[in-house]
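Working notes, beginning with the structure itself.
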Amino acid sequence: MDVARIRADFPILRRSFHGHPLVYLDSAATSQKPTAVLDAEGQFYSEHNANVHRGVYALSVEATDAYEGARERVARFLHAEDASEVIFVRGTTEALNLVATSLGESVLHRGDRVVTTVMEHHSNIVPWQMLRESKGIALDFVDIDVDGRLRMEDLERCLSQKPKVVTVSHASNVLGTVNPVREIADRAHAAGALVVVDAAQSAPHRPIDVRGLGADLLAFSGHKTLGPMGIGVLWGRRQLLARMPPAMGGGEMIREVHQDRVEYREAPARFEAGTPNVGGAIALSAALDYLEHIGWEEIADHERTLLDYSAQQARERFGERLRIYGPPESRDRQGIQAFALEGVHPHDVATLLDADGIAVRAGHHCCQPLMERLGIPALTRSSPYIYNDQSDIDRLYDGLEKVAKLFA
Ligand SMILES: Cc1ncc(COP(=O)(O)O)c(C=O)c1O
């Protein structure tokens with residue numbers, strides 16, 4: 001993979017901070033955007049902007065075609081059966097809230113159980129906690145082992161209580177763990193549960209096969225996948241979407257409205273009330289083109305090389321003084337590395353690295369239940385992507401050596 005060529009496509013990477021060229025290692029929070037994506041969004045607004053599904057005039061037809069074309073593009077990326085299974089939303093958070101609200105009005109009743117995991121992002125915990133408050137459902141958490149993998153025997157314990165829904169992240173935004181979603185889905189289905197997958201961290205790194213994974217519903221965010229902020233996707237099995245009520249009402253999602261009754265349209269329209277983020281959807285489609293053009297195999301190989309190099313640097317330079325959380329083998333995980341540097345608070349680590357132009361994140365990473373489970377308040381996280389190379393990892397560890405020296 002030609003990282004230098006890729007980097008040239010990302011104008012923001014030319015910036016410097018505090019006199020140092022930017023080393024951006026926070027792609028799990030949001031990825032940077034290549035010119036192709038920025039241009040696709042700009043071109044929509046400068047040449048094709050009109051509201052979709054409403055006008056008979058040529059410009060509106062153009063906008064509608066481009067929007068529906070983006071839906072088809074996403075459907076191909078997800079290996080969906082049909083583009084009507086793709087719902088555009090703001091991001092993973094909105095998708096998971098939509099799912100919880102809609103299932104809360106249909107499938108889930110007082111006393112029913114939902115299974116999530118301790119490694120989930122707050123966006124795959126809080127919507128279910130809100131249902132616990134409003135509908136009286138019960139929420140169970142699957143535990144992890146010492147290496148940060150889900151404990152399958154604990155999943156069995158949860159499944160023995162016959163939950164209606166099992167919801168799990170494809171990849172953890174802290175541990176980097178890639179969960180065995182297919183196996184989880186098979187077991188959950190055998191127990192009679194629906195399977196919801198949070199693919200926010202996996203979609204940027206691998207093509208998603210919704211059917212291969214055995215998902216019933218799956219969410220991801222455009223902005224972590226080279227796309228713009230404010231666009232994301234909820235995919236759902238067609239037969240299931242047909243049974244799910246809308247979570248939001250308004251224009252575009254109705255077939256008929258009268259004073260005394262309302263009739264909703266089929267999916268995806270039923271779940272897309274109001275004017276959608278058309279420019280965002282088109283730019284997301286350009287982002288998927290860009291990633292596919294590089295090649296998923298190349299992206300995975302590059303990520304593994306950086307991960308192994310980073311782990312080796314950590315070992316050689318710090319030994320026991322730097323602990324990386326999550327599975328030790330790179331084949332079970334993604335490139336995210338959340339770590340603790342002995343004797344230094346993660347916020348100090350991130351602040352001092354920033355002084356050298358290195359952008360990493362510190363905190364609980366929207367995973368407070370996981371932090372509690374690990375018995376730590378916070379971690380520093382490095383999350384490289386396609387535009388990072390070994391020199392960025394070198395700068396990270398050079399910076400960390402300076403931090404360690406300062407606190408020694
Ligand atoms: C695993 C995971 N799920 C969900 C989200 C929420 O995504 P968004 O903020 O784009 O809605 C994130 C974002 O960090 C995440 O890492």
Side-chain angles (χ1 to χ4, degrees), residues 33-92 94-95 98-99 102 203 208 210 217-223 225-242 244-258 262-293:
K33 327 295 176 201
T35 312
V37 168
L38 302 173
D39 288 352
E41 186 159 33
Q43 199 185 12
F44 168 72
Y45 285 111
S46 56
E47 292 179 35
H48 310 290
N49 179 53
N51 214 327
V52 289
H53 303 139
R54 294 181 192 187
V56 290
Y57 55 90
L59 189 61
S60 172
V61 172
E62 245 176 55
T64 303
D65 287 350
Y67 182 58
E68 292 307 322
R71 198 188 305 282
E72 277 164 28
R73 179 68 189 83
V74 171
R76 279 207 309 283
F77 168 65
L78 295 175
H79 299 82
E81 206 163 76
D82 194 85
S84 65
E85 297 183 325
V86 171
I87 298 155
F88 283 119
V89 289
R90 275 195 303 137
T92 306
E94 183 172 304
L98 190 165
V99 167
S102 181
I208 303 290
V210 283
L217 296 150
L218 178 141
F220 75 95
S221 297
H223 70 94
T225 314
L226 302 186
M229 293 183 177
I231 189 73
V233 171
L234 171 65
W235 167 87
R237 223 167 13 86
R238 200 158 26 153
Q239 300 86 333
L240 176 60
L241 291 178
M244 286 170 57
M248 219 195 289
E252 294 300 307
M253 50 79 74
I254 49 85
R255 199 189 305 283
E256 280 180 47
V257 186
H258 307 279
V262 54
E263 212 178 288
Y264 309 127
R265 288 172 64 196
E266 303 287 306
R270 171 193 304 206
F271 300 102
E272 290 185 4
T275 300
N277 182 355
V278 179
I282 291 166
L284 173 57
S285 152
L288 296 175
D289 285 346
Y290 186 92
L291 287 166
E292 210 158 273
H293 183 71

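Just so it is clear, the model here is predicted, and its values are computed rather than measured. Position 1 is the first residue of the sequence; numbering continues from there.
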Quick one: does any side-chain atom of T225 pair with a main-chain N or O of S221 as donor and acceptor, under 3.5 Å? yes
Under 3.5 Å donor-acceptor, S46 side chain and G42 backbone: yes
Can you tell me how far apart [atom1] ([X]) and [atom2] ([Y]) are? Round to the nearest 0.5 Å.
X    : Y    : atom1 : atom2 : answer
I254 : Y264 : CD1   : OH    : 10.5 Å
N49  : L59  : CG    : CG    : 7.0 Å
L78  : I208 : CG    : CD1   : 7.0 Å
E94  : L234 : CD    : CG    : 9.5 Å
F77  : L291 : CZ    : CG    : 7.5 Å
I231 : F88  : CD1   : CZ    : 5.5 Å

How close do [X] and [Y] get, heavy atom to heavy atom, and via which atoms?
X    : Y    : value
G222 : L284 : CA-CD1, 3.8 Å
M253 : A269 : CB-O, 3.2 Å
P268 : I87  : CB-CG1, 3.9 Å
R265 : R255 : CG-N, 3.5 Å
S60  : A50  : CA-CB, 3.7 Å
G250 : A273 : N-CB, 4.0 Å

Is the closest side-chain donor-acceptor distance between H258 and E263 under 3.5 Å? no
Salt-bridge criterion met for E41 and K33 (N-O under 4.0 Å): no
State whether E85 and R71 are salt-bridged, where the test is any N-O pair (Lys NZ or Arg NE/NH1/NH2 against Asp/Glu carboxylate O) under 4.0 Å. no
Within a strict 4.5 Å, meaning less than it, do heavy atoms of the [X] and [Y] side chains meet?
X    : Y    : answer
E256 : V262 : no
R238 : S84  : yes
L217 : L241 : yes
M244 : F271 : yes
T275 : R54  : yes
V52  : P276 : yes

Step-by-step side-chain contact (heavy atoms from CB on, under 4.5 Å) determination, E272 to E252: CA-CA 7 Å; E272 290 185 4; E252 294 300 307; over 6 Å; no
Within a reach of under 6.0 Å around CZ of R237, are more than 12 heavy atoms found that belong to other residues, nucleotides or ligands? yes
Test of ring centre spacing under 6.0 Å for F44 and Y67: no
